[in-house]
Amino acid sequence: MYAIIALVLKELLALLKDKRSRMVIIVPPILQLLIFGYAASFDLDRLPYAVLDRDGGAGARALLAEMAGSPHFDERYRLRDVAEVARLIDQQEVLMVVQIDPQFERRLQAGETAPVQLLIDGRNSNTAQIVRSYATQVIERFNSAWGARASSVPLAQLEPRSWYNPNLESRWFFIPGVVGILTLVVTMVTTALSVAREREQGTFDQLLVTPMQPLQILLGKALPGLLIGLIEGSLVVTLAVLWFEIPLLGSLGALYATIGVFLLAAVGVGLMISSLVSTLQQALLGAFLFMVPAVILSGFATPIANMPDWVQWLTYINPMRYYLICLRGVFLEATPLTALWPHLWPLMLFATVNLGLAGWLFRHKLY
Amino acid sequence: MQAVLRAAQLCKGFARGKSRVEALDEVTFEVRPGVVTGLIGPDGAGKTTLMRLAAGLLLPDTGSLEVMGLDVVSTPLEVQASIGYMPQRFGLYTDLSVQENLDLYADLQGVDPRARPARYARLMEMTGLAPFTGRLAGQLSGGMKQKLGLACTLVRPPRLLLLDEPTVGVDPVSRRELWAIVYQLVEQEQMSVLLSTAYLDEAQRCAEVVLLHQGRVVGQGSPDAFSRPLQGRTYQVGHPQLGRRRLQAELAAREGVLDAVLQDAQVRVVTQTPGAPPQRGEEQWQAVAPRFEDAFVERLAVPHPHPVQLPTQAPGEAREVIKVAGLERRFGAFRAVRDLSFSVHSGEVFGLLGANGAGKTTTFRMLCGLLPPSGGQLQVAGHDLRRAAARARREIGYMSQRFSLYGHLSVAQNLGFFARAYGLRGDYLRQRIAWAMREFELEPVATVDAVELPLGYQQRLAMAAALLHEPRILFLDEPTSGVDPLARREFWARINAQAEAGVTVLVTTHFMEEAEYCDRLAIMASGELLALGTPAQVRARCTGADGVVPSFEEAFIQLIEGHAA
Amino acid sequence: MINRRLRALLRKEFLQVWRDPSSIAIAFVLPVFLLLLFGFGVSMDARHVPLGVVVERPSSVSESLVAAFRHSDYFAPRPFLSRQAGEAALQANQVNGLLILPQTLDEQLSTGQGAGVQLLLNGVDSNSARLLQGYVRGVFEGWLARQQAARGRAGATVEAQPRIWFNPELRSRNYLVPGLMVINMTLVGALLTALVMAREWERGTLEALMVTPVTLREILIGKTLPYFTLGMGGMLLSAGLSILLFEVPLRGSLWALILFSALFMLTALGMGLLISVVAKNQFVAGMAAIVSTFLPAFLLSGFLFDIDSMPWVVQLVTHIVAARYFVTILQTLFLAGDVWGVILPNAAALSLLATLFFGLARRQLHKRLE
């Protein structure tokens with residue numbers, strides 16, 4: 001026990017004493033949270049669009065005014081000729097062209113359905129879908145306003161309401177994910193590289209000839225990663241809440257239980273990589289090869305439900321999957337600890353298996 | 001004749017952390033053409049910096065440097081075109097074959113393809129690499145790599161050859177072969193050679209020596225010119241009863257004695273003044289010729305304020321502490337160690353020697369419990385290492401080749417960590433750390449990070465860390481490589497003291513003169529035991545028909561070459 | 001241009017690549033692995049989204065609405081008997097949305113009072129929620145139009161007729177896969193060169209090279225050309241996979257694809273070289289390569305997230321991310337065709353960056369050791 005504490009202290013001292021490694025641990029995560037927190041968002045605004053109004057009636061003008069008033073859109077061009085449309089979209093000058101046919105006013109007055117064509121650049125299909133839904137919303141707002149004036153109430157109306165994220169701000173969705181990725185990276189780097197570094201410096205042999213048991217060494221290597229992960233996690237969570245104003249509705253207890261269990265799993269993976277490799281470069285490559293799929297298949301940016309079945313099965317062995325579900329639950333849904341259990345036990349299992357394997361490898365592959 | 005290299009008031013400093021270290025301080029010297037000039041000095045003296053300056057790879061801060069009459073600072077490319085430079089770790093491409101490495105450097109140096117066959121043939125003949133041209137450079141032994149590096153440097157015959165510590169980490173056999181090549185170059189191709197080395201015995205092989213210490217030139221001249229003033233101050237001392245280690249310790253502490261080292265079965269002494277030696281009791285003093293190392297010690301030694309005390313009472317009866325029987329280690333199909341048997345007694349200093357790749361490191365790691373044996377018996381301090389590893393390790397102190405310390409921890413933090421890792425605690429822990437600080441004179445550097453320490457201090461700290469828990473067995477893996485000869489003397493004095501106190505010491509080394517410090521030693525070649533016994537026995541085994549007892553190094557080379565044949 | 005020294009360096013580099021399969025693995029295995037992983041793993045196209053439906057009072061009208069959802073490929077409606085049960089399922093993430101058809105639906109429709117149909121969404125994954133909302137609305141409006149027509153109450157409304165160019169079915173793979181190729185090439189280019197130069201520093205081979213008459217230009221070319229060849233091999237492999245396996249249409253010309261890929265490969269290699277020249281050790285170089293390539297190319301290239309919607313400071317940062325320009329070029333080349341007005345300015349930016357990286361690498365590399 002005494003020896004483990006000495007090892008942990010040494011490990012922390014080695015990590016934090018050197019100014020450069022202190023910087024590497026603290027600065028990039030904060031910087032990354034700030035940059036990626038701003039960058040990772042599907043909320044679009046000031047979308048450039050052009051208008052081809054071949055009708056020019058009062059109805060068309062009212063519709064276009066409604067669109068110009070939306071914060072999501074930014075009108076760039078008024079076109080006169082259909083021939084111009086293709087060029088603008090091809091050259092990415094605008095994302096959408098709103099085209100109103102000559103019969104628009106007449107149909108509207110006659111009480112018929114008046115079509116408006118939305119020509120959207122589909123090169124980025126996700127953006128295209130978002131543009132489409134924004135534009136549809138504007139048209140619907142126009143419809144209800146127009147309907148109210150004509151005192152003809154539509155037969156039925158859809159009343160959408162979003163739980164947990166009423167304005168569907170994508171930052172609320174992404175930032176807990178970024179918190180997850182950053183804790184993963186820091187923990188992996190501190191644990192996966194620590195043994196390899198000692199091996200390259202020759203100090204690992206020195207450790208092995210002390211009377212410490214392999215298990216004690218393992219613990220001494222695991223605890224610093226856990227500790228730094230916790231501190232780092234607290235830091236980015238604080239930043240997420242205070243700077244990005246992401247609501248943290250759940251209890252701190254549930255949050256830390258989630259982070260703690262995940263860190264154990266991540267430390268397990270890190271130590272496993274550590275015990276398998278013999279050079280820093282291999283450790284780096286190993287950490288990288290784990291991290292990339294873990295992030296991609298975690299549901300960080302794209303929903304797991306959209307993946308093909310066999311890939312979905314793969315995600316069940318990805319600790320990040322459970323971690324992100326729990327984090328988002330705690331942040332946005334105020335999920336209590338008891339309700340997290342279905343996602344926590346796989347993480348715990350994962351941590352146990354990984355740490356056990358790492359321990360076994362430590363004892364059998366020390367040479 | 002004009003000097004091939006001329007340095008005047010050369011200064012060069014490097015930033016290290018917050019401070020600045022002067023690697024070279026007002027260095028002025030000349031290299032004569034057509035001879036081997038040795039650049040001699042301990043580690044950190046500035047040898048490599050000087051070599052890189054001469055090769056145009058670094059810029060001097062102040063002062064001037066001319067090579068072949070050309071200014072290195074303003075015309076580095078012209079200088080590089082007329083010299084050959086072999087860095088300490090020569091850049092061989094390990095995944096290219098011997099021939100491909102040669103071709104690459106021939107192309108880069110612009111050697112005429114028509115001239116190549118003859119040149120290659122000559123180089124291969126000189127280095128003895130002809131049978132291996134198809135082999136990948138990475139699969140050559142350390143000595144052969146060094147020879148290939150030299151061959152690559154020589155594809156275009158240079159007028160001045162700069163060799164930066166070509167013999168470091170190379171076993172005595174390969175060392176001798178490298179020197180033979182250098183002599184051939186000087187004699188047959190009229191090359192001028194500047195060669196740096198930390199081995200003092202190699203100074204004797206140079207026509208001229210430049211002695212460098214802490215960035216300054218301490219002296220220049222022929223090796224004899226260095227040692228001549230010491231005429232009449234050097235002796236061999238023997239004693240019929242006293243053990244040679246005890247005798248050496250006693251002489252070293254004696255008034256009027258400047259230096260005392262073990263040599264063969266006796267002690268070599270340098271006195272402070274010429275004339276009658278301060279002889280005592282049954283000692284037999286015999287005058288011998290001075291050598292370069294004596295001059296080195298005479299010039300650089302500072303009187304030691306804190307002589308190492310030997311314990312007054314003899315330890316208890318000697319017991320068998322390490323027992324090895326039929327030890328074997330395989331890596332795949334390759335048998336790195338086979339059928340190795342020996343035993344070591346308490347209070348004994350036991351040496352493990354061998355050429356590069358002989359299997360001594362593998363053996364050493366198995367003894368420390370860092371590598372499980374594939375077969376055979378291995379007992380350390382009465383424990384089977386495979387079963388009671390942790391308990392056996394409590395009895396072991398281990399000091400690795402590279403003085404493995406935590407670089408970013410201070411001296412005090414390193415000691416504190418290792419003490420706790422060995423399970424020391426409370427008063428005992430404080431006592432032992434205080435002892436280590438005092439005994440190894442580490443107090444002045446207690447708060448300095450290990451990485452910032454000079455090599456000599458690092459070695460002391462590593463040894464202190466290995467001794468904190470008062471182990472009964474001490475494992476030392478090349479404990480003195482790269483360390484200043486003066487620090488080496490101090491180090492051996494401490495080892496002697498430990499051994500006299502009953503600690504068993506197992507040591508590997510490339511310095512053959514250090515073999516003399518061992519009570520017994522084992523010489524290994526290709527994984528097998530070649531010779532086992534006291535240094536005297538080993539030398540006696542190699543005594544030729546003429547009855548002349550060879551030096552230990554000669555005996556070693558004879559044994560290894562005999563095995564290879 | 002290619003003299004004997006350069007030829008020797010090139011031969012050496014090729015031999016090394018040949019004998020150390022790790023670079024071949026980085027160039028060929030890594031891109032295929034990543035492309036398959038991303039190509040299958042990353043998709044925005046939802047199918048059979050579980051949508052809870054609560055019908056408070058079943059009738060032919062409510063049945064027609066539920067049927068409309070059942071017929072859509074996008075939804076897998078799941079009936080719930082009560083609102084509570086439905087909300088519990090939504091809370092437990094068993095359904096992504098909950099549609100509530102009120103008791104009064106039938107009555108209000110026939111009296112023309114205007115009925116309200118509630119849609120509850122789980123907003124945690126805001127993007128999925130927004131897409132879901134859009135799809136529900138689409139189905140709902142269609143149903144509503146039919147209802148109104150049946151009751152002879154075609155009110156005056158404006159109907160949006162969206163037409164998505166280049167990718168009418170909105171297959172997200174069509175835009176994700178070209179983006180993935182960019183990320184792949186960024187990684188491969190940086191990893192290949194970042195490590196090779198640092199390796200020469202660490203093994204001491206560079207010190208021996210420096211005293212030979214070889215010029216710095218030759219060293220840089222000798223390092224770039226072999227890995228460029230390798231990288232392009234990997235690139236063509238990925239392009240082949242994208243077109244054949246993932247069925248992304250290539251509407252632009254093949255020669256343009258190869259030409260601009262080559263330009264980008266040079267930029268990526270230049271960045272790797274710069275990192276390795278500055279870092280001088282494999283660990284720092286590897287670390288820097290990962291930090292400065294993967295995450296920025298993933299998040300700041302416009303591959304997933306729209307650059308124009310980022311705050312201006314972040315937008316400014318994206319300008320030094322080479323991947324940004326190549327993402328635009330590739331998406332245009334694959335989906336739109338040879339639109340020079342888009343391609344040329346981005347290609348110019350790439351050339352500028354490549355020149356910058358190589359220029360800096362050349363300046364940082366000296367024939368001296370300091």
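Note on naming: letters A, B, ... go to the chains in the order of the sequence lines (proteins, then strands), and numbering restarts at 1 for each one.
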CE of M212(A) to CZ of R394(B), rounded to nearest 0.5 Å, is 11.0 Å
Among F475(B), Y398(B), F418(B), the residue with the most heavy-atom pairs under 4.5 Å to chain A is Y398(B)
Looking only at heavy atoms, the pair that brings T210(A) and R393(B) closest together is O-CD, 3.2 Å
Interatomic distance, CD@Q413(B) vs CG@L9(A), rounded to 0.5 Å, equals 10.0 Å
Sorted by chain and number, sequence neighbours left out, side-chain contact (heavy atoms from CB on, under 4.5 Å) with L355(A) holds for L264(A), V267(A), L271(A)
Okay, Q216(A) and chain B: the region with an atom under 4.5 Å from a heavy atom over there is neither
Here the pair of heavy atoms bringing P211(A) nearest to A421(B) is CD-O, 3.7 Å
* Asked: Under the 3.5 angstrom rule, does the side chain of R365(B) hit a backbone N or O of D205(A) as a donor-acceptor pair?
  -> no
Any heavy-atom pair between the side chains of V209(A) and Y422(B) that's under 4.5 Å? yes
* To do: Assess whether atom CH2 of W243(A) is packed by more than 12 heavy atoms of other residues, nucleotides or ligands within 6.0 Å.
  => no
Note: vs chain A, highest number of non-hydrogen pairs under 4.5 angstrom among E395(B), R425(B), M399(B) is R425(B)
To the nearest 0.5 Å, atom NZ of K10(A) lies from atom CG of N414(B) at 9.5 Å
Answer yes or no: is there a side-chain heavy-atom contact under 4.5 Å between L409(B) and L13(A)?
-> yes
In short, F417(B) meets A6(A) closest at the heavy-atom pair CD1-O, 3.6 Å
If one checks every heavy atom of L207(A) against chain B at 4.5 Å, the contacting part turns out to be side chain
